[in-house]
Amino acid sequence: MQKPGLPEGTRDFGPEQARKRAYIFDTIRTVFVKFGFQPLETPAMENLSTLTGKYGDEGDQLLFKILNNGDYLQKADPAALTAKDSARLVSSISKRGLRYDLTVPFARFVVMNRHALTFPFKRYQIQPVWRADRPQKGRYREFFQCDADVIGSDSLMYEAELVQIYDEAFAQLQIPVTIKLNNRKVLYGIAEAAGIADRFSDMTVAIDKLDKIGPEGVRRELAERGIPDAALNTIEKVLAISSPDELRAIFSTSETGQAGLAELDQVFGFLEKTSLKNEVKFDVTLARGLSYYTGCIFEVAANGVKMGSIGGGGRYADLTGVFGMPGLSGVGISFGADRIYDVLDELDRFPETLSETVRVLFMAFDEATHKYAFECVTKVRAAGIPAELYPEPGKLKKQFDYAAKCNIPVVALAGDAEMQAGQVAVKDQKTGEQKNMTVEALISQLSA
RNA sequence: GAGGAUGUAGCUCAGUUGGUUAGAGCGCAAGUUUGUGGCACUUGAGGUCGUGGGUUCGAUUCCCAUCAUUCUCCCCA
């Protein structure tokens, strides 16, 4: 006999957890639908060639690869095999991988179905993704993302819409959040102003950590990456600012930077006259890792909870280009459902009503009343009310125990006397009140 | 990829300065005379103390290795 176990970073979800997760998905889905997004589902696995090269080198390493079926070593690259060169061997022994996010599969879908789609195309997608990362708090190897993307429009109205979606969804989930907004062009402008446009990605990685390591930490990190002192001073000045306006002077020589500011202005312009329940804040240190972002970028942090971001997204000017369909701009956001779950758990914000599903439990005393109770429970179910009948008549203690443990609020006893009268004894488990009534009366009481 | 922590009953954990029958709480099963639960009481089942090796008269305890889980860094949802 072997001990069963789960792969690192994966979890089972028991009934209660699954219900809570469904609550999260339903809440987010409802908001997506309200904003006109349409559902999409794609396979768990994609061709490896679709996935590689889209997330940077780090991302490629975190892809789960699927071993080819059959005698794959026969077809393996002999040179790579003898040299034990894993990186090179992969392409000859694995042609499929598990999806790493939902955006790239979406881009693939758009390219393959361009003839059938009407642009701008708005889709939402709620599915698991897999990353071969080391698990830790709030980080899993299998987790769900809830994505909403618009593709085929440059309009910054969509950036504003996506902010509204974040705002509304988190308001409904009762998680106070800060929605952080920045623009890759602004970041590029900073690099230009500092004279290190060629070191753009080093710069963003470093300043992204401002929260964690402070200005001096950023400076040290930049210096370690070989950024010259003059540039460090410019960057330090930039990190101290709090509104986009303060960047204007710095961007006098950077067209890209100015364009980024103009985009941010527009997005905030759209939101100006609308009311939001959460704070939307420009954050110059927001960088985001995924290399395909080109314009506005978003990130959501739960206020007062120590947890990585629970949502993120941005605009990618040309995501479909690599699949042979250039010039199609898209913008999207993602909700990290598993982290949202952890936050809701920590804040104790799950609605209580989620645990009651079965509304009434029928109990019987012997075979005859058990049969009668079976008829009764059938009627209640026919009325659309979740109901159960205990499988064995007799021992009331056991049956009441079951009702209590399953959190069933009402029990209906079918005894001989009740059966003769065409009734059941209905007991409210919370108040202890009990009275006899017909099944029809029970149904109307439960429907009320 | 780097570093730390932890593996004892189904679950959460005690414990043994190395000594013969390894404990608790919760949970589970049965019962406290068989038409009324959540409480209480009684009784019971359940552990090769993660795995392999070493030291020792003797290891669950000390040492090494290994596996698993978890946390931090990198990066990310």
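Naming: A, B, ... by sequence-line order, numbering from 1 per chain.
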For atom CZ of Arg99(A) and atom P of rA77(B), their distance in whole Å = 16 Å

Which residues in residues 416-427 of chain A have at least one heavy atom lying under 4.0 Å from any atom of RNA chain B?
-> Asp416(A), Ala417(A), Glu418(A), Lys427(A)

Check RNA chain B against residues 35-51 of chain A and give the residues with a non-hydrogen atom under 4.0 Å, in numerical order.
-> none

Looking at residues at least two apart in the chain, or sitting in another chain, which of them share a ring pair (Phe, Tyr, Trp, His ring centres under 6.0 Å) with Phe268(A)?
-> none

Could you tell me which residues satisfy ring pair (Phe, Tyr, Trp, His ring centres under 6.0 Å) with Phe64(A), sequence neighbours excluded, listed by chain and number?
-> none

Dot-bracket notation for RNA chain B is requested: 5' to 3', Watson-Crick or G-U wobble pairs only, both distances under 3.5 Å, with ( ), [ ], | and . as defined.
-> (((((((..((((.....[...)))).(((((.......))))).....(((((..]....))))))))))))....

May I ask you to check whether Asp149(A) and Tyr316(A) show a side-chain donor-acceptor distance below 3.5 Å?
-> yes

Have a look at Ile333(A) and say if it touches a base, only the backbone sugar-phosphate, or nothing, with a 4.0 Å heavy-atom cut-off.
-> nothing

May Phe143(A) be described as stacking on the base of rA77(B), applying a 5.5 Å centroid limit and a 30° limit on plane angle?
-> yes

Plane angle bin for Tyr100(A) and Tyr55(A) - parallel if under 30°, tilted between 30 and 60°, otherwise perpendicular = tilted

Please indicate whether Asp198(A) has more than 12 foreign heavy atoms, meaning atoms of other residues, nucleotides or ligands, lying under 6.0 Å from its CG.
-> yes

Does atom NZ of Lys34(A) have more than 12 heavy-atom neighbours, drawn from other residues, nucleotides or ligands, at distances under 6.0 Å?
-> no

Can you find a donor-acceptor N/O pair under 3.5 angstrom joining the side chain of Arg139(A) to the base of rC75(B)?
-> yes

For Glu346(A), salt bridge (charged side-chain N to carboxylate O under 4.0 Å, His left out) partners two or more places apart = none

